[in-house]
Number of protein chains: 2
Amino acid sequence: MNAMDEPTKKRRSGRQSCADQGEVACIDCNLFGFLQLFASLTPEMLTHFLTTHMPLAKGEVVYRAGQPFEGIYAVKSGGLKSIVMQEPYGEQVASFHLPGELMGVEDLQSATYSFTIIALEESKVCFMPLKQGGLQREPLPSSREQMVKILLEHLRQCQRQGLILGMRTAEERLGAFFLNLAERYARHGFPMHEFRVPMMQNDIANHLGLAMETVSRTLKHFRELEMLTIRGKRGRILNPGCMQSITQYCFLKKGTDEQE
Amino acid sequence: MNAMDEPTKKRRSGRQSCADQGEVACIDCNLFGFLQLFASLTPEMLTHFLTTHMPLAKGEVVYRAGQPFEGIYAVKSGGLKSIVMQEPYGEQVASFHLPGELMGVEDLQSATYSFTIIALEESKVCFMPLKQGGLQREPLPSSREQMVKILLEHLRQCQRQGLILGMRTAEERLGAFFLNLAERYARHGFPMHEFRVPMMQNDIANHLGLAMETVSRTLKHFRELEMLTIRGKRGRILNPGCMQSITQYCFLKKGTDEQE
DNA sequence: CGGGGACTTGAACGAGCTCAACTCTAGTGG
DNA sequence: CCACTAGAGTTGAGCTCGTTCAAGTCCCCG
């Protein structure tokens, strides 16, 4: 099973390899912090939500835009995408969801979901049911900050994405996209310079407003520069400095300078 | 002043024209809802924050990225932009801020501001000081939802912007940008099809990842199609249907289907 | 009324798109 | 375990859209 791994590379102790399915430990999952918001949850319920992982096949739909809002999902393993359908023109990929991240947060106060979410590969997700119209379960007064924190984190990630999409050249956009991807994996305990790429180039191209061929050619260029390699679902950053200078990607807040 | 009457009185002052300076009524300003979060505010303080508008000249800086976070701003009139500096390459325009909108929300829990904010023209802003490290003033328990609502609104606007930036052609991006602009003015009581354009084409181009010349040429094309005209700081949507079909801009949530 | 910044327009170039053929890979069934 | 296949990715050639550079016009503001 490890025959595919580089012979020189040893498994980092504790850390997870990008070669395995990429499952987050429940303690590293955002749903954990989210569930703690609700005073009405018994420890048993907490455990239940965290340990019940509904499995999804590749291409399976979690929910569709327009369906009534029923709750928040968290990614346990695999990867998913949020899309909007532009009627005759096909879909637009709004964002990707990695292990440990929440899905549906933007619809918390809405009657319906805004996006359609589709599994990019075999995945496991957890579900936290919430009655239509927001937080019926009373959040703990002491964890008000936690709720705000979750929304702020989403807002900042969204803004980061906006900066990436506002870049001019394909190289900048793609480089910044993969830096962001690696950063997001690292945040949930995966090694920083070796990460999974659950989405196919088609989805990346769609998301960044590029043609798939351009993605392929640019990645080839990155490989020639010995900056970044993508082989199958495995990505590796070879030269972070080069990466950042090419992409001009500024990390903004890493979440490290926040107050608790 | 008008802000002092019962807050419950939901009175939209007569619709405003885009020809005037474009000042929001205090009742329509997001800072009004924001201020209500704080139990410690006396009615006098509330009035103070709402009626003290600090004037800004064109090009003036509200705050710079990296400066310590001190509070939230609201736009009373005019327009502003959030930028990040890419050291040798100049600035990138992250977003624009219109009358009635809040600035600095993304840094609520941070030690420092993430963006630099600059006035696009003569503007007035209001300021709500908040001690570093988040909400020191205790939000009212009953208005917890209000805080969440504000953050959700920002998150959704940010996602909408992401969809716009992910579009492929200059026509789609520009069309969607102006639709969004008009929509945001309309949300604060301005007429829908006639709106101000406080930013210059240079900033629009920068924000959308286009060249200024492309913006100019595309707008000319829109004018020829009798779809949209921009004359100076005045914009007018002539053919909304055409607009939407060209841009494929989906409005997502207008905030009308939310529950209270 | 003059000056300068914002905008427009033109011409040439090039990054990225499209179309099409091809290769590689992973998943399937024998 | 291997052959087969469909889908994902690669590569090439030509073209288009958007960029760049440069000159010119408009308009706002002093």
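Naming: A, B, ... by sequence-line order, numbering from 1 per chain. The model shown is predicted, which means the values in this text are computed figures rather than measured ones.
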Would you kindly compare B:G209 and A:K220 by the position of their nearest DNA chain D nucleotide and give the one closer to the 5′ end? A:K220

State whether the number of non-hydrogen atoms from other residues, nucleotides or ligands found under 6.0 Å of A:E226 atom CD is greater than 12. no

Whole angstroms only, please: what is the NZ-P distance between A:K58 and D:dA6? 15 Å

OP1 or OP2 of D:dG9 sitting under 4.0 Å from any side-chain N/O of A:S216? no

Could you label the plane-to-plane angle of the B:F190 and B:Y185 rings as parallel, tilted or perpendicular, counting under 30° as parallel and over 60° as perpendicular? perpendicular

Presence of donor-acceptor pair under 3.5 Å, side chain of A:R231 and base of D:dG9: no

Sugar-phosphate only, base, or nothing, as touched by B:R168 at under 4.0 Å among non-hydrogen atoms: nothing

Would you say C:dG16 has OP1 or OP2 under 4.0 Å from some side-chain N or O of A:T214? no

What is the separation between atom CE on B:M200 and atom P on C:dT8, rounded to the nearest whole Å? 13 Å

Go through C:dT8, C:dA11, D:dT10 for me and flag the one nearest to the B:Q201 side chain. C:dT8

Indicate the ring-plane relationship of A:H207 and A:F96, choosing parallel, tilted or perpendicular according to the 30° and 60° boundaries. perpendicular

Find the distance B:H221:NE2 to C:dG10:C1' and express it as a whole number of Å. 18 Å

Distance-only side-chain donor-acceptor flag, A:R160 / A:Q157, under 3.5 Å: yes

Mind calculating the distance between CG (A:L219) and P (D:dA8) to the nearest angstrom? 16 Å

Choose from D:dA8, C:dT18, C:dC7 the nucleotide whose nearest atom is closest to any side-chain atom of A:R217. C:dT18

With hydrogens left out and only the distance checked, is there a donor-acceptor pair under 3.5 Å joining B:E213's side chain and the base of C:dC7? no

Whole angstrom is fine here: how far is it from CG in A:N206 over to C1' in C:dC17? 15 Å

Both A:M212 and A:G232 contact DNA chain C. Which one's nearest nucleotide lies toward the 5' end? A:M212

Side chain of A:A170, heavy atoms from C-beta onward: which of C:dT9, D:dT10, C:dG16 has the nearest atom to it? C:dG16

Atom CG of A:L174 and atom P of C:dA15 are separated, to the nearest Å, by 16 Å

Find the distance B:E224:CD to C:dT8:P and express it as a whole number of Å. 12 Å

Can you tell me if B:E172 uses its side chain to pair, donor with acceptor, with the backbone of B:R168 under 3.5 Å? yes

What about B:E171: does its side chain form a donor-acceptor pair under 3.5 Å with the base of D:dC17? no

Considering only heavy atoms and no angle criterion, is a donor-acceptor pair shorter than 3.5 Å present between the side chain of B:R223 and the base of C:dT8? no

Nearest whole Å is fine: how far is C:dT8 P from B:I204 CD1? 10 Å

